[in-house]
Amino acid sequence: MTARRNWQDLPDSEGRFGPYGGRFVAETLMPLVLDLERAYRAAQADPGFAATMADFWTHYVGRPSPLYFAERLSAHFGGAKIYFKRDELNHTGAHKINNCLGQILLAQRMGKTRIIAETGAGQHGVATATICARLGLPCVVFMGATDIERQKPNVFRMKLLGAEVRPVTSGAATLKDAMNEALRDWVTNVADTFYCIGTAAGPHPYPEMVRDFQSIIGREARAQILEREGRLPDALVACIGGGSNAIGLFHPFIADEEVRLIGVEAAGRGIDERFEHSAAINGGRPGVLHGNRTYLMQNEDGQILEGHSISAGLDYPGVGPEHSYLHDIGRAQYLSATDKEALAAFQLCARLEGILPALEPSHALARVGDVAKEIGRDGLIVMNLCGRGDKDVFTVADALGVGL
Amino acid sequence: MSARIAQRFASLARANRAALITYIMASDPDHETCFEILHALPAAGADIIELGFPFSDPMADGPSIQKAALRALKAGGSLRQTLELARRFRESNADTPLILMGYANPIESMGYEAFAQATHASGADGAIVVDLPPEEDTPLRSAFAPHGLSIIRLATPTTDDKRLTNVLDGASGFLYYVSVAGVTGANVATAQAIESAVSRLKRVTALPIAVGFGVREPQAAAAIAKHADAVVVGSAFVDEIAAVPDGPKADAVERVLRKVQLLSEAVRTARTKEGTRA
């Protein structure tokens with residue numbers, strides 16, 4: 001890159017990150033997304049909103065999450081020092097709650113009385129149901145029938161938290177279909193309903209808003225690494241499905257152009273013409289879906305393809321629009337890891353650090369060794385350990401051929 | 001704006017009746033059966049045709065049209081096949097307006113310029129793109145302009161007066177009023193709500209007003225046809241195709257056309273039955 005960019009201008013007033021983002025929604029929803037943007041601007045300007053968030057972060061979510069030096073893993077790779085930003089220690093076990101808290105507090109401020117959400121693996125559904133229970137709001141979670149079958153413990157967790165889990169049977173009955181169905185519900189219940197989107201995608205202002213709520217990850221990490229090491233890291237590494245944990249870590253470092261930003265997509269069974277992966281940037285091309293223009297997995301006619309990943313949380317055919325832009329301008333680099341590599345990294349982390357990572361950040365773990373070696377012994381890396389792996393033990397056992 | 005659309009509405013206004021706009025999905029249940037239906041629609045009473053191009057993720061559609069899209073895709077349907085059906089239709093029909101309807105991504109994938117050229121070459125008159133609100137349709141507008149193709153805009157119960165100005169800026173052909181907040185085929189608004197919405201729109205635009213979403217039965221169509229310039233019916237026809245999943249294709253053709261005749265009759269006589277419109 002040559003000239004320094006004015007990062008404050010992202011997105012622009014039309015919700016664009018370069019050519020990506022925007023508001024590609026049916027006319028019925030346009031007034032709603034415009035209204036949401038106004039409400040979000042008002043909340044941003046209100047110190048009371050930030051104070052309420054901060055109080056929940058400290059006393060309910062358990063923030064700040066630690067920045068942990070993964071000493072044995074660093075020694076194992078023999079390169080840069082690797083720190084984990086431990087968002088898996090949050091209440092509900094992942095970074096998802098950062099965003100749900102922000103959006104649902106905003107919904108309450110807007111006088112909305114019903115929350116809807118989509119979920120794939122169930123983590124966003126659980127986080128949404130959790131905050132709804134805490135704030136006393138009814139919650140409906142749309143989940144593909146295929147995913148409901150694959151993720152029974154999370155379905156039950158949501159029900160225990162008082163949410164209604166509505167099975168989606170259209171399409172392939174997975175995450176993108178759940179999102180379609182949530183949009184159909186929203187377009188039908190325009191007056192009272194708030195749609196809590198689970199990643200930094202969708203029509204403007206969602207990608208910006210979700211990024212801002214997740215940026216607590218990067219703000220804490222920045223302060224923590226400065227305190228621990230007295231300097232900024234050389235690289236940040238995070239896994240990418242829709243990319244909300246990654247953009248949350250990256251964003252507070254985005255103007256520090258000496259810090260490398262590295263996203264790791266899910267390469268599934270390999271990135272090729274079979275499309276048995278979920279690597280929208282590495283294996284897709286730009287298009288329009290779910291309210292934004294971004295990289296998508298699609299055929300030559302623009303039909304969206306079903307992704308595959310061992311990690312249900314990365315199994316989405318698109319990616320947040322800001323990542324598409326950071327990729328195009330070269331500010332961030334997007335690598336990928338296969339199911340097998342993620343599985344091996346999962347086991348390695350368990351044995352060396354005593355931490356069961358979720359299969360999502362196991363993709364980041366699968367590349368962090370390469371990055372550490374490339375940067376070398378004097379280097380510093382912060383990797384987002386964005387979820388814990390308890391939810392994945394059955395999937396891992398199955399993949400390893402172990403009967404439980 | 002397309003001359004064919006304007007001429008059709010002008011002649012219907014002289015006859016003091018509303019238009020029946022029929023929606024079917026291209027390549028549903030297969031290319032040839034769809035072509036047979038398409039070819040026979042005007043004789044059965046369709047005044048204007050909306051030809052859907054299939055998309056894997058039809059977010060604004062109810063179950064009927066979702067399933068139609070899946071059938072079409074399974075049968076090899078695509079935006080290119082849709083344009084080919086439009087071209088074949090135009091070979092034998094010079095004056096029934098035909099409008100393409102669908103979602104943005106197949107168009108993005110083809111490219112806006114290429115889509116505009118192909119639309120023009122096929123003899124179609126314009127397009128309705130559900131997820132391209134006015135804020136996002138500039139590339140399509142620029143590409144359509146040199147060919148005189150229409151962009152049909154949507155107004156909904158949530159479109160307030162301020163937004164309506166936006167919606168009308170660049171709209172052509174007719175204005176499609178989505179009568180209820182919801183997906184296609186779900187339920188229909190009350191006659192009273194539709195009448196007041198049509199009057200509100202008539203005050204701010206000279207474009208013909210078409211009303212759709214949830215219209216399935218002759219009675220509902222007739223009630224709308226009293227006030228609006230056009231009634232749009234889609235899910236009801238698509239359901240006739242779904243009703244014969246494994247039956248002879250001729251049955252699907254016959255069922256759709258019979259339903260079109262029924263609705264056309266209701267629309268044609270809506271104003272004469274209880275006196276002419278004031």
Side-chain angles (χ1 to χ4, degrees), chain A residues 13-16 19 21-35 168-172 175-191 193 202-204 284-294 296-306 317-318, chain B residues 53-63 66-67 69-70 72-73 76-82 102-111 115 129-139 153-160 162-164 166-167 176-178 180-184 186-187 213:
Chain A
S13 60
E14 299 306 307
R16 297 293 181 133
R23 301 181 191 95
F24 293 86
V25 292
E27 176 57 29
T28 312
L29 290 180
M30 271 307 288
L32 278 75
V33 299
L34 294 171
D35 188 43
V168 176
T169 52
S170 58
L175 178 55
K176 82 176 172 75
D177 307 293
M179 201 153 173
N180 291 336
E181 212 53 40
L183 285 163
R184 289 180 189 122
D185 181 291
W186 198 26
V187 88
T188 309
N189 299 290
V190 290
T193 297
H204 180 63
R285 61 192 169 88
V288 168
L289 179 71
H290 293 151
N292 55 181
R293 181 181 288 123
T294 192
L296 296 172
M297 292 173 49
Q298 53 182 318
N299 71 11
E300 66 291 342
D301 184 41
Q303 307 299 334
I304 308 304
L305 301 169
E306 286 296 330
Chain B
F53 50 96
F55 183 48
S56 51
D57 295 78
M59 290 152 286
D61 284 300
Q66 289 173 38
K67 285 177 193 148
L70 287 180
L73 289 171
S78 66
L79 182 51
R80 280 176 207 289
Q81 287 289 350
T82 306
Y103 292 82
N105 202 49
I107 302 175
E108 284 252 334
S109 184
M110 181 180 279
F115 173 65
V129 189
V130 180
D131 51 352
L132 282 186
E135 284 83 350
E136 302 291 357
D137 74 3
T138 312
R153 292 269 181 76
L154 299 140
T156 75
T158 60
T159 312
D160 60 20
K162 196 170 151 242
R163 262 203 78 67
L164 200 51
N166 253 355
V167 167
Y176 188 143
Y177 181 66
V178 174
V180 285
V183 293
T184 50
N187 47 24
F213 273 49

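Note that the structure is a prediction, hence the values are computed from the model and not measured.
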Check each atom of [X] against the heavy atoms of chain B and say whether the ones under 4.5 Å are side chain, backbone, both or neither.
X: A:Q298; result: side chain
X: A:L305; result: neither
X: A:I304; result: both
X: A:N189; result: neither

Under a 3.5 Å distance rule, please check whether [X] uses its side chain to pair with a backbone N or O of [Y] as donor and acceptor.
X: B:E108; Y: A:P286; value: no
X: B:D131; Y: A:L289; value: no
X: A:T28; Y: B:A181; value: no

Any side-chain heavy-atom pair of [X] and [Y] under 4.5 Å:
X: B:Q66; Y: A:R184; value: yes
X: B:N105; Y: A:L296; value: yes
X: B:S109; Y: A:R285; value: yes

Any idea which heavy atoms bring [X] and [Y] closest together, and the distance?
X: A:F24; Y: B:E136; answer: CZ-OE1, 3.4 Å
X: A:Q303; Y: B:P54; answer: NE2-O, 3.0 Å
X: A:D301; Y: B:G77; answer: OD2-O, 4.2 Å
X: B:R163; Y: A:L34; answer: NH1-CD1, 3.5 Å

Is it the side chain or the backbone of [X] that comes within 4.5 Å of chain A heavy atoms, both, or neither?
X: B:I107; result: neither
X: B:P58; result: both
X: B:V129; result: neither
X: B:D160; result: neither

**Report entry** Residues that B:F115 engages under ring-ring contact (aromatic ring centres under 6.0 Å, His included), provided they are two or more places apart
**Finding:** B:F144
Report task. Check ring-ring contact (aromatic ring centres under 6.0 Å, His included) between B:Y177 and all other residues, then give those that pass, not counting sequence neighbours. Result -> none
Report task. Any chance you could measure B:S56, atom OG, to A:N299, atom CG, to the nearest 0.5 Å? Result -> 7.5 Å
Query raised in the report: Got a second to check how far B:D57's CG is from A:H290's NE2, nearest 0.5 Å?
Result: 5.0 Å
Query - Salt bridge flag under 4.0 Å for residues A:E27 and B:R153 - result: no
**Report entry** Most chain A-contacting option - heavy-atom pairs closer than 4.5 Å, from B:L132, B:L73, B:V178
**Finding:** B:L73
